[in-house]
Amino acid sequence: MLKSPVYLIPFDFTSMTKNALNIGSKLAESNDGSVFLLHVVKKESEKKEGKRMLDIFVNSLSASERKRIVAKVLDGNLYEEVGKAGDILDAPLSIMGTHGSSGLQKIFGSNALKMVSKSPTPFLVTVSEEPLTTIETIVMPFSFVKESLQVLNCVSSIAKQFGSVIHLVGYHDAKTWLKEQSIENQKMAKKVFANEGIPCEVINLPKKKSYEDELSDYMFSVRADLIATAYFKNGILPPPNSFVQVMLDNDHEIPVLTVNADELDLQVG
């Protein structure tokens, strides 16, 4: 039986996706919820072997871990099946371990970004083999665009769960009206966090380098555990080199919490 909330884990037996399962299991235990472990194969003829491997893996887990896990093998398109599963399960979060992006993926978008772009479910994406055991510091970039705040509700939930401090880092806005809109968005974000009792710091970058480079330096300096940023078509950087992709490719292998703002009604707070 699945107990709500249900955390969705796309799974391919790699160490990255096993790390994602560890995070999902901790969240499920803390919230008296469940984990839906989903392995997607390309052909129906591959389902039997996929189920055999998945059963072996699940049986290798402890009894306390197994009691919260429902494992399923589906055949089809990975991106579509994960998106449909998140929607059907009404999952508050999908946790995905990914191998990062390289070569043509950086031009056309990584597998992780394709997944995010096809689902209304928030994603926590990790590229490191190191287990994510704590989330003390969350860096949240934002801009003058209201969609950049769409991740607020999700990041608030994670911050409350882990007792995190959120660092709000605004984009370099050259025009006065953009600066004014960014300030309004900053106020809105601070209000949401204050209402939830979440510590929040506002950061002003020195504007000596590009926003992305300064943001990377800042995340490293504060030892950020998580980056929280919304995905939307009209982002800070033009597609296909989207801002979320840049965050997913960060050199420090910091996990990224993101949600497809284009798939949601714009509701903040």
Side-chain angles (χ1 to χ4, degrees), residues 16 19-20 23 95-113 115-117 122-145 147-152 154-155 158-159 162 164-174 178-179 182 185-186 189 193 199-232 234-259 261:
M16 288 81 169
N19 187 18
I23 299 168
I95 303 115
M96 178 168 53
T98 179
H99 311 283
S101 62
S102 59
L104 290 177
Q105 282 187 346
K106 287 189 176 180
I107 299 174
F108 297 111
S110 72
N111 292 337
L113 193 58
M115 199 89 72
V116 171
S117 69
F123 276 80
L124 196 163
V125 183
T126 177
V127 299
S128 175
E129 295 187 28
E130 294 297 319
L132 183 63
T133 57
T134 184
I135 303 177
E136 295 180 354
T137 304
I138 302 175
V139 171
M140 180 181 161
F142 70 98
S143 71
F144 63 92
V145 181
E147 284 83 353
S148 68
L149 300 184
Q150 189 64 283
V151 75
L152 272 178
C154 187
V155 73
I158 293 292
F162 288 91
S164 315
V165 176
I166 297 176
H167 296 228
L168 279 171
V169 185
Y171 183 64
H172 294 166
D173 296 314
L178 296 181
K179 290 180 182 179
S182 288
N185 286 348
Q186 179 192 108
F193 296 141
C200 172
E201 298 181 11
V202 177
I203 310 304
N204 295 309
L205 298 175
K207 301 184 182 180
K208 293 181 180 179
K209 297 191 289 186
S210 72
Y211 176 71
E212 296 76 31
D213 288 341
E214 289 187 352
L215 183 62
S216 178
D217 292 344
Y218 180 76
M219 292 188 298
F220 181 74
S221 71
V222 298
R223 298 183 179 181
D225 300 301
L226 186 68
I227 306 164
T229 183
Y231 168 83
F232 50 102
N234 296 319
I236 294 172
L237 298 178
N241 300 310
S242 78
F243 182 73
V244 174
Q245 185 63 62
V246 173
M247 294 298 98
L248 289 170
D249 292 334
N250 75 87
D251 293 333
H252 312 302
E253 294 189 338
I254 301 170
V256 177
L257 177 70
T258 189
V259 62

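These numbers were taken from a predicted model, which means no experiment stands behind them. Residue indices begin at 1 and follow the sequence shown.
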Colleague: Among Val244, Leu257, Leu113, Thr98, whose side-chain contact (heavy atoms from CB on, under 4.5 Å) with Val125 holds?
Modeller: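 Answer after filtering Val244, Leu257, Leu113, Thr98: Thr98.
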Colleague: Determine whether Leu149 and Met140 satisfy the following criterion, side chain to side chain contact (heavy atoms under 4.5 Å, CB included), listing intermediate values before the conclusion.
Modeller: CA-CA 9 Å; Leu149 300 184; Met140 180 181 161; 4.1 Å; yes
Colleague: Before giving the answer on side chain to side chain contact (heavy atoms under 4.5 Å, CB included), spell out for Cys154 and Val259 the whole-Å C-alpha distance, their side-chain angles and the decisive distance to 0.1 Å.
Modeller: CA-CA 8 Å; Cys154 187; Val259 62; 5.7 Å; no
Colleague: Rounded to the nearest 0.5 Å, what separates atom CD in Glu212 from atom CE in Met247?
Modeller: 6.5 Å
Colleague: Look up atom CD1 in Ile227 and atom NE2 in His252, then write down how far apart they are to the nearest 0.5 Å.
Modeller: 8.5 Å
Colleague: Counting C-beta onward and ignoring hydrogens, is there a side-chain heavy-atom pair between Lys209 and Asp217 closer than 4.5 Å?
Modeller: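 The answer is yes, as the side chains (C-beta and beyond) meet within the 4.5 Å cut-off.
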Colleague: Please name the pair of heavy atoms, one in Val139 and one in Leu215, separated by the smallest distance, quoted to 0.1 Å.
Modeller: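 Scanning both residues, the minimum pair turns out to be CG1-CD1, 3.9 Å.
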Colleague: For the CD1 atom of Ile138 and the CD atom of Glu201, what is their distance to the nearest 0.5 Å?
Modeller: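 If I round to the nearest 0.5 Å, the distance is 12.5 Å.
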Colleague: In terms of the angle between their ring planes, are Tyr211 and His172 parallel, tilted or perpendicular, with boundaries placed at 30° and 60°?
Modeller: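 Answer is perpendicular, since the angle exceeds 60°.
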Colleague: Could you check whether any side-chain heavy atom of Ser117 comes within less than 4.5 Å of a side-chain heavy atom of Tyr231, counting everything from C-beta outward?
Modeller: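 They are in contact (side-chain heavy atoms under 4.5 Å apart), so the answer is yes.
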Colleague: Any side-chain heavy atom of Val151 within less than 4.5 Å of one from Thr229?
Modeller: no
Colleague: Quick one: do Gln150 and Phe232 satisfy side chain to side chain contact (heavy atoms under 4.5 Å, CB included)? Show the steps, please.
Modeller: CA-CA 9 Å; Gln150 189 64 283; Phe232 50 102; over 6 Å; no
Colleague: I need the Leu152 CG to Phe142 CZ distance, nearest 0.5 Å.
Modeller: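 With rounding to 0.5 Å, CG (Leu152) is 10.0 Å from CZ (Phe142).
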Colleague: Below 4.5 Å, heavy atoms only, C-beta onward: do Val155 and Phe193 meet side chain to side chain?
Modeller: yes
Colleague: Could you measure the distance from the OG atom of Ser143 to the CD atom of Gln186? Nearest 0.5 Å is fine.
Modeller: 12.5 Å
Colleague: Partners of Lys179 by salt bridge (Lys or Arg N to Asp or Glu O under 4.0 Å), sequence neighbours excluded?
Modeller: none
Colleague: So, taking the atom named CD1 in Ile135 and the one named OG1 in Thr137, what distance separates them when rounded to the nearest 0.5 Å?
Modeller: 10.5 Å
Colleague: Can you list the residues that meet the side chain to side chain contact (heavy atoms under 4.5 Å, CB included) rule with Thr133, with sequence neighbours excluded?
Modeller: Lys26, Pro131
Colleague: Do the side chain of Glu214 and the main chain of Lys207 share a donor and acceptor less than 3.5 angstrom apart?
Modeller: yes
Colleague: Would the distance check show the side chain of Ser221 and the main-chain N or O of Tyr218 forming a donor-acceptor pair, the cut-off being under 3.5 Å?
Modeller: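 Yes, because the side chain of Ser221 sits within donor-acceptor range (under 3.5 Å) of the backbone of Tyr218.
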Colleague: Do you know the tightest heavy-atom contact between Pro255 and Thr126?
Modeller: CG-OG1, 4.0 Å
